[in-house]
J.: 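Following this message is one structure expressed as structure tokens.
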Amino acid sequence: TDIPYIHGIPEASGLPIFGSLFELGDNHSKALSRMAKKLGPVFQIRMGNRRIVVANSYDSIKELWIKNQTALSSRPALHTFHSVISSSQGLSIGTSPWDDSCKQRRKAAATALNKPAVQSYMPIIDLESYTAINEILRECDDGKADINIIPHLQRFALNTSLTLNYGTRISNSFDQLLKEIVEVEGAVAQFRSASNNWQDYVPLLRIFPARSNAANSIRLRRDRYLGYLLEKLKKEIVNSTDKPCITGNILKDPAAKLCEAEMKSICLTMISAALETVPTNIILGIGYLSSPHGQEIQERAYREIQDVYPDGDAWDRCLTEERVPYVTALYKEILRYYTVHHMSLPRQSIQEIHYNGARIPAGTSFYMNAFAGDYDENHYQDPHAFNPDRYLGDTDGTPHYAYGAGTRMCIGAHLANRELYTFFIRLIFGFRILGPLDKTYAPVLDGMEVNAVPTALVVQPKMFKCRFEPRNREDFEFWLDSSRQRAENY
Ligand code: HEM
């Protein structure tokens with residue numbers, strides 16, 4: 001193994017050469033939780049020739065990821081992703097080992113995603129959530145039609161990412177470029193998934209070229225659209241027809257200390273990071289709200305929105321303030337309950353870590369079983385129940401591990417929270433979300449079983465349908481009109 005056996009940390013038994021790869025199967029989070037029942041919350045496993053320390057409880061994650069955050073600030077380099085997929089456009093921030101360039105890119109991106117910056121992007125969230133909700137309104141047939149909302153939400157996420165980065169919007173759901181980006185980014189995520197790429201752990205498997213060829217073809221397709229978007233923006237800047245956006249700001253800023261490759265890295269980070277995570281949480285949240293229990297949650301949220309906004313101006317006011325605690329609690333519970341990155345993103349230590357008397361050497365890989373941490377019965381009361389109330393009142397510390405934890409925690413969390421809040425305020429204020437008439441399309445509600453592709457990096461919701469019954473069409477048209485008018489002036 002890359003790192004020798006670590007004394008003082010229990011070890012899962014495994015096979016020669018493959019280690020625990022067979023036992024881990026398709027669903028790493030589930031398999032690791034099973035192993036944790038025998039071995040305790042923290043143990044070491046071998047995946048091929050890599051030794052990995054895995055944390056499976058809320059407190060052990062806190063101890064390793066937060067208390068030891070300086071030591072745990074790097075990311076491991078994996079063959080498929082780091083040598084094949086990323087050889088031309090560079091690495092995204094979330095896959096970069098900790099070095100000066102990573103620090104600089106992380107800092108630039110974090111500045112572009114801090115609170116004041118995010119507030120300046122709210123017109124984009126206004127426009128994109130308006131567009132998606134308007135589409136749902138046109139399709140809903142006053143609550144009589146069973147709707148699959150996934151395509152609407154994919155377009156919302158992609159347009160938000162593209163507009164933030166390049167000032168570009170795709171005006172039609174069925175645009176080729178949209179399909180291409182969604183397909184390629186989905187495939188890239190598959191290459192990052194730990195359970196899909198045995199050649200990352202067993203070097204012998206790299207002599208079979210099929211997987212590398214597939215990764216190469218995806219890389220070329222990704223290069224094509226990233227290049228197209230950047231060139232388009234550069235032309236717009238020359239013609240002074242560009243819209244304000246992150247990449248444009250960096251391109252135009254002579255003081256920006258980033259080279260072209262670093263800027264490209266930020267662009268691909270922003271596109272890939274938000275593309276699946278935000279819409280998946282919205283989709284899963286809508287699925288839950290459409291259930292019988294979801295009806296109670298919606299009605300309570302609706303009442304609380306009305307209490308805060310008796311004049312009916314929640315649609316606009318949610319862009320500038322977050323004043324309905326129950327809706328904040330709702331999106332936090334959606335983030336915890338579904339924890340869409342079950343295994344977060346892998347880490348590598350840069351210093352020795354002392355844990356429970358064991359000395360874990362620098363250079364060790366660490367996996368966070370975030371789903372297990374977010375369902376830890378020693379931390380959450382009745383974790384399998386969907387219950388926004390757990391986030392009301394004084395709640396100390398990290399509410400959940402959906403955004404990871406520590407030094408390399410998600411830097412888009414604030415933007416994502418604002419998107420989730422805006423979307424749910426608008427949806428719940430505008431519609432009653434109901435289950436489908438055709439019950440074969442009812443959503444799966446279990447946080448783990450809802451995932452159609454357990455090997456994927458981010459949960460892929462199983463397809464479901466639901467109905468949207470406008471609470472008051474007249475009010476709705478008025479709100480949509482206010483967003484439309486703002487969009488025209490944007
Ligand atoms: C609900 C939506 C989102 C979820 C659940 C999510 C989740 C995560 C997770 C689990 C990590 C790994 C953290 C760790 O290792 O501790 C991460 C990293 C990251 N996320 Fe997010 N994310 C979301 C939205 C976004 C958005 C909107 C952006 C930016 C536009 C973004 C940008 C990033 C970046 C740049 C990193 C890498 C940080 C680093 O490696 O230093 N994320 N995210």
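Both ligands and their constituent atoms are indexed starting at 1 by order of listing.
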J.: My understanding is that we take every heavy atom of each candidate and find the minimum distance to atom 31 (C) of ligand 1. Doing that for Pro346, Ala273, Ala416, which one comes out nearest?
T.: Ala273
J.: Within a distance under 4.0 Å of any heavy atom of Asn281, pick out the atoms of ligand 1 and give their elements.
T.: 1 (C)
J.: Show the atoms of ligand 1 that are less than 4.0 angstrom away from any heavy atom in Ala402.
T.: 5 (C), 7 (C), 10 (C)
J.: Do the numbers put Arg418 on top of the ring of Tyr121, so that NZ or CZ is under 6.0 Å from the six-membered ring centre and no more than 45° off the axis?
T.: no
J.: Is any side-chain heavy atom of Leu427 closer than 4.5 Å to one of Phe468?
T.: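 SC-SC contact between Phe468 and Leu427 confirmed.
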J.: Side chain, backbone, both or neither: which applies to Ala370 and ligand 1 if a contact is any heavy-atom pair less than 4.0 Å apart?
T.: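 Under 4.0 Å from ligand 1, Ala370 contributes no heavy atoms.
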J.: Cut-off 3.5 Å, side chains only: do Glu262 and Ser101 have a donor facing an acceptor?
T.: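 Present: a donor and an acceptor within the cut-off.
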J.: Which residue and atom name correspond to the protein heavy atom nearest atom 30 (C) of ligand 1, and how close is it?
T.: Met270 SD, 3.7 Å
J.: Do we see a donor-acceptor contact under 3.5 Å between the side chains of Ser483 and Trp315?
T.: yes
J.: So, Arg486 and Asp126, do they make that salt bridge, N to O below 4.0 Å?
T.: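 The answer is yes: the pair qualifies as a salt bridge.
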J.: Tell me, which protein residue and heavy-atom name are nearest atom 27 (C) of ligand 1, and how many Å apart are they?
T.: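 Closest protein heavy atom to atom 27 (C) of ligand 1: Ala274 CB, 3.5 Å.
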J.: Look at atom 2 (C) of ligand 1 and find which of Ile61, Leu457, Thr277 reaches it with the closest heavy atom.
T.: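 Going through Ile61, Leu457, Thr277 one by one, Thr277 has the nearest heavy atom to atom 2 (C) of ligand 1.
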J.: Heavy-atom contact under 4.0 Å between Ser344 and ligand 1?
T.: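 Under 4.0 Å: yes for Ser344.
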J.: Atom 26 (C) of ligand 1: which protein heavy atom is closest, and how many Å away?
T.: Gly412 CA, 3.7 Å
J.: Out of Cys102, Gly404, Cys410, Ser161, indicate the one that has the non-hydrogen atom closest to atom 8 (C) of ligand 1.
T.: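 Going through Cys102, Gly404, Cys410, Ser161 one by one, Cys410 has the nearest heavy atom to atom 8 (C) of ligand 1.
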J.: What do you reckon, does Tyr403 have a nitrogen or oxygen under 3.5 Å from a nitrogen or oxygen of ligand 1?
T.: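 So ligand 1 has no N or O lying under 3.5 Å from an N or O of Tyr403.
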J.: Against heavy atoms of Leu113, which atoms of ligand 1 measure under 4.0 Å?
T.: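 Per the distance check, 29 (C).
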J.: Relative to Tyr380, does Arg336 satisfy both conditions: NZ or CZ under 6.0 angstrom from the six-membered ring centre, and within 45 degrees of the ring's axis?
T.: yes
J.: Classify the contact between Leu164 and ligand 1 as side chain, backbone, both or neither, using a heavy-atom distance cut-off of under 4.0 Å.
T.: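 Looking at Leu164 and ligand 1, no heavy atom falls under 4.0 Å.
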J.: Identify which one of His341, His384, His342 satisfies the ring pair (Phe, Tyr, Trp, His ring centres under 6.0 Å) criterion when paired with Phe371.
T.: His342
J.: Is the shortest side-chain heavy-atom distance between Ile149 and Ile282 below 4.5 Å?
T.: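 No, every pair of side-chain atoms sits at 4.5 Å or beyond.
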J.: Which protein non-hydrogen atom lies closest to atom 34 (C) of ligand 1, naming both residue and atom, and how far is it?
T.: Ile411 CG1, 3.7 Å
J.: Hey, does Arg75 come in under 3.5 Å of ligand 1, counting only N/O atoms on both sides?
T.: yes
J.: Could you tell me whether Asp100 and Arg105 have a side-chain N and a carboxylate O separated by less than 4.0 Å?
T.: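 A salt bridge is absent here (no side-chain N lies under 4.0 Å from a carboxylate O).
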J.: Please identify which atoms of ligand 1 are closer than 4.0 Å to at least one heavy atom of Ala405.
T.: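 So the answer, numbered in order with elements, is 16 (O).
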J.: Would you check whether Arg106 has a nitrogen or oxygen atom less than 3.5 angstrom from a nitrogen or oxygen atom of ligand 1?
T.: yes
J.: Name the residue from Asn417, Thr398, Thr339 that meets the side chain to side chain donor-acceptor pair (under 3.5 Å) definition with Tyr403.
T.: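 Passing option: Asn417.
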J.: So which heavy atom in the protein is nearest atom 16 (O) of ligand 1, and how far is it from that ligand atom?
T.: Arg347 NH2, 2.7 Å
J.: With respect to Trp65, determine whether any N or O atom, backbone or side chain, lies less than 3.5 Å from an N or O atom of ligand 1.
T.: no
J.: Counting from 1, what ligand 1 atoms have a heavy atom of Ile93 closer than 4.0 Å?
T.: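 So the answer, numbered in order with elements, is 39 (C), 40 (O), 41 (O).
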J.: Look at atom 12 (C) of ligand 1 and find which of Thr160, Leu420, Leu415, Leu345 reaches it with the closest heavy atom.
T.: Leu345
J.: Please list the nearest protein heavy atom to atom 38 (C) of ligand 1 with its residue and the distance rounded to 0.1 Å.
T.: Arg408 O, 3.7 Å
J.: Does any N/O atom on Met368 come nearer than 3.5 Å to any N/O atom on ligand 1?
T.: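 By distance alone, the answer is no.
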J.: Run the ring-centre check on Tyr338 versus Tyr288 and record whether the distance is less than 6.0 Å.
T.: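 No, the ring of Tyr338 stays outside the 6.0 Å limit from the ring of Tyr288, centre to centre.
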J.: Could you tell me if the side chain of Gln351 sits less than 4.5 Å from the side chain of Thr70, heavy atoms only?
T.: yes
J.: Could you tell me which atoms of ligand 1, counted from 1 in the order shown, lie closer than 4.0 angstrom to a heavy atom of Gly94?
T.: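 In order of number, 37 (C), 40 (O).
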J.: Is the closest side-chain donor-acceptor distance between Glu377 and Tyr58 under 3.5 Å?
T.: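 Judged by distance alone, the side chains do not pair up.
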J.: Quick check, are the ring centers of Tyr331 and Phe424 under 6.0 angstrom apart?
T.: no
J.: Name the one of Thr163, Leu233, Asn165 that satisfies side chain to side chain contact (heavy atoms under 4.5 Å, CB included) with Cys245?
T.: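 Between Cys245 and the candidates, side chain to side chain contact (heavy atoms under 4.5 Å, CB included) is satisfied uniquely by Leu233.
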J.: With heavy-atom distances below 4.0 Å as the criterion, list the atoms of ligand 1 near Thr269.
T.: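 In order of numbering, the contacting atoms are 35 (C).
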